[in-house]
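Take a look at the structure below.
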Amino acid sequence: MSHNEKLELMVSLVLIGGVVLSLGVLVLALAGYSLRFGQEIIMDDEYRVAAENFFAYVFSLQRYSFTATGLLAAGVVILMLTPYVRVLTSLVYFASEKDLKYVLITAFVLAVLTVSLLTH
Amino acid sequence: MVGLAEVIAASFLAGFIGSITGLGGASITTPLLTLMGVPIKNAIAAGIISIIATSSGAASSYVRGGMSNLRAAMFLEMFTIVGAILGATITLFVMPRLLYFLFAGFLLTSFIGLRRHLGDELPSEVIQDRAARWLGLTGSYYDEKLGRMVSYKLTRPLAAGGGMFVAGIASGMLGIGAGAFKVAVHELILKMPSKVSSTTSTFIIGMTALAGASVYFNSGLLYLTLAAPMAVGTTLGAMAGSRILGRLSNKTTRIIFLVVVAFFIVQMLVRGVLE
């Protein structure tokens, strides 16, 4: 397996894993939601995303446990985490290959992303 | 008010077109949902989440077999996420009307540039500059339509980085992936083959959108009940679209792209005038 193929495989597994997981959770959540409310899209505080920042929201999810709202939130969070984990995976790969140029490039992207998710 | 099924259907269409053209699809869902009665700011906030869905859903199949150029993508992401965060911040101080015209202008330049190259199936012999060699920006993929492996070289990554920075600003300002502008930068500056260009753009827009989405998290504009059906619809649409891309010719991909972009230019100008 060439170097690029290994990276491609890792990145593609992260992406497909994140997408399938979030899709599964969201379909389940929407099924539960529509059993209760039918087709209507309710936009009230129960379903509004409100948190200091992304990571604070992720940690606040525990309070929901297995309600439809909790599953909806978990699905959206998993989806948002997918590209984040993808950068993290690439960084680990380049570090293991001792490819300094790309370690610096991916570390920069990860740092900017983390700061942005933490401060907004 | 609009129902779940309509939102899923509209998002499926956006994900399908988005994955083929390298666009995020939010420029399709935002006007569609607005027409269906969703307030525009909520449509934009949920649209950003669906861009991440398009990107991850389609890219998961593109990265295998080298259809997307990962190294080029990661290099370009440095510029686009900084632009996206800056753009989202600038938006607070700029008149919306100016944004629409600015954006139509961006799209127009990419439209003119790409139209000129419509006849070429693949870029002709490319001579790499020093930065491109240093970054190791080459690649190859199996082209189903041509029935052979295509090897290519990229050039001028620093100029492309500048372009990506601008694309990031547009993306942060308008809450879209700015895939149209990214595709143009890939093809006109880096000299990427069309399919590599749209699939690499698909890969990058997820990252740009995530940087932009961070800004929407404490805005109170994001509703799970809107984001969830959009994410489901776009993911399925993107997966379906990514299955057929390999079988299309580069020329067909580019024509679909140009038609969609022409539609956006008109849409942006109309919005700018009405604002």
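Just so it is clear: chains get the letters A, B, ... in the order the sequence lines come, proteins before strands, and each one is counted from 1.
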Q | Distance in Å, B:Ile48 CD1 paired with A:Met80 CE, rounded so as to fall on 0.5 Å steps | A | 9.0 Å
Q: Report the option among B:Val232, B:Leu236, B:Ile49 that has the most heavy-atom pairs separated by less than 4.5 Å from atoms of chain A.
A: B:Val232
(Q) Under the criterion side chain to side chain contact (heavy atoms under 4.5 Å, CB included), I'd like the reasoning laid out for B:Leu210 against A:Arg86: C-alpha separation, chi angles, the key distance, then a yes or no. (A) CA-CA 12 Å; B:Leu210 181 58; A:Arg86 188 263 280 174; over 6 Å; no
Q. Taking atom CG of A:Leu79 and atom CD1 of B:Ile51, what is their separation to the nearest 0.5 Å?
A. 11.5 Å
Q: With a 4.5 Å cut-off on heavy-atom pairs, point out which of A:Tyr33, A:Tyr84, A:Tyr57, A:Tyr102 contacts chain B the most.
A: A:Tyr102
Q) Can you say whether B:Leu70 sits under 4.5 Å from chain A via the side chain, the backbone, both, or neither, judging by heavy atoms? A) side chain
Q | Contacting region of A:Asp44 [heavy-atom separation from chain B under 4.5 Å] | A | backbone
Q: Decide yes or no for B:Thr225 and A:Phe37: does some side-chain heavy atom of the first lie under 4.5 Å from some side-chain heavy atom of the second?
A: no
Q | Minimum side-chain heavy-atom gap A:Phe94-B:Arg71 below 4.5 Å | A | yes
Q.
Let's test your reading of the structure: which of A:Thr106, A:Ile42, A:Asp99 forms the most heavy-atom pairs below 4.5 Å with chain B?
A. A:Ile42
Q: Go through the atoms of A:Val112 and report whether side chain, backbone, both or neither lie under 4.5 Å from a heavy atom of chain B.
A: both
Q) Top residue by heavy-atom pair count (under 4.5 Å) with chain B, among A:Val87, A:Leu30, A:Val27? A) A:Leu30
Q.
Is B:Leu135 in contact with chain A via its backbone, its side chain, both, or neither, using a 4.5 Å heavy-atom distance?
A. both
Q. Do you know which of A:Ile105, A:Val20, A:Asp45, A:Leu72 has the most heavy-atom pairs with chain B at a distance under 4.5 angstrom?
A. A:Ile105
Q) CG of B:Leu221 to CE of A:Met43: how many Å apart, nearest 0.5 Å? A) 9.0 Å
Q | Minimum side-chain heavy-atom gap A:Ile41-B:Tyr223 below 4.5 Å | A | no
Q: Identify the heavy atoms of B:Ala228 and A:Leu26 that sit nearest to each other, and give their distance.
A: CB-CD2, 3.8 Å
Q. Considering only heavy atoms, which portion of A:Thr69 lies under 4.5 Å from any heavy atom of chain B: side chain, backbone, both, or neither?
A. both
Q: Below 4.5 Å from any heavy atom of chain A, which atoms of B:Thr235 appear? Answer side chain, backbone, both or neither.
A: side chain
Q: Among the options A:Val11, A:Val14, A:Val25, pick out the one with the most heavy-atom pairs lying under 4.5 Å from chain B.
A: A:Val11
**Q.** Exercise: identify the closest heavy-atom pair between B:Ser56 and A:Val19
**A.** CB-CG2, 3.3 Å
Q) What pair of heavy atoms forms the shortest contact from B:Leu4 to A:Gly38, and how long is it? A) CD1-O, 3.9 Å
Q) Is the closest side-chain heavy-atom distance between A:Val109 and B:Met74 below 4.5 Å? A) no
Q: Taking the side chain as every heavy atom from C-beta outward, state whether A:Thr82 and B:Ile52 have any pair of such atoms under 4.5 Å apart.
A: no
Q.
Are B:Glu77 and A:Leu113 packed together at the side-chain level, in the sense that at least one heavy-atom pair is separated by less than 4.5 angstrom?
A. no
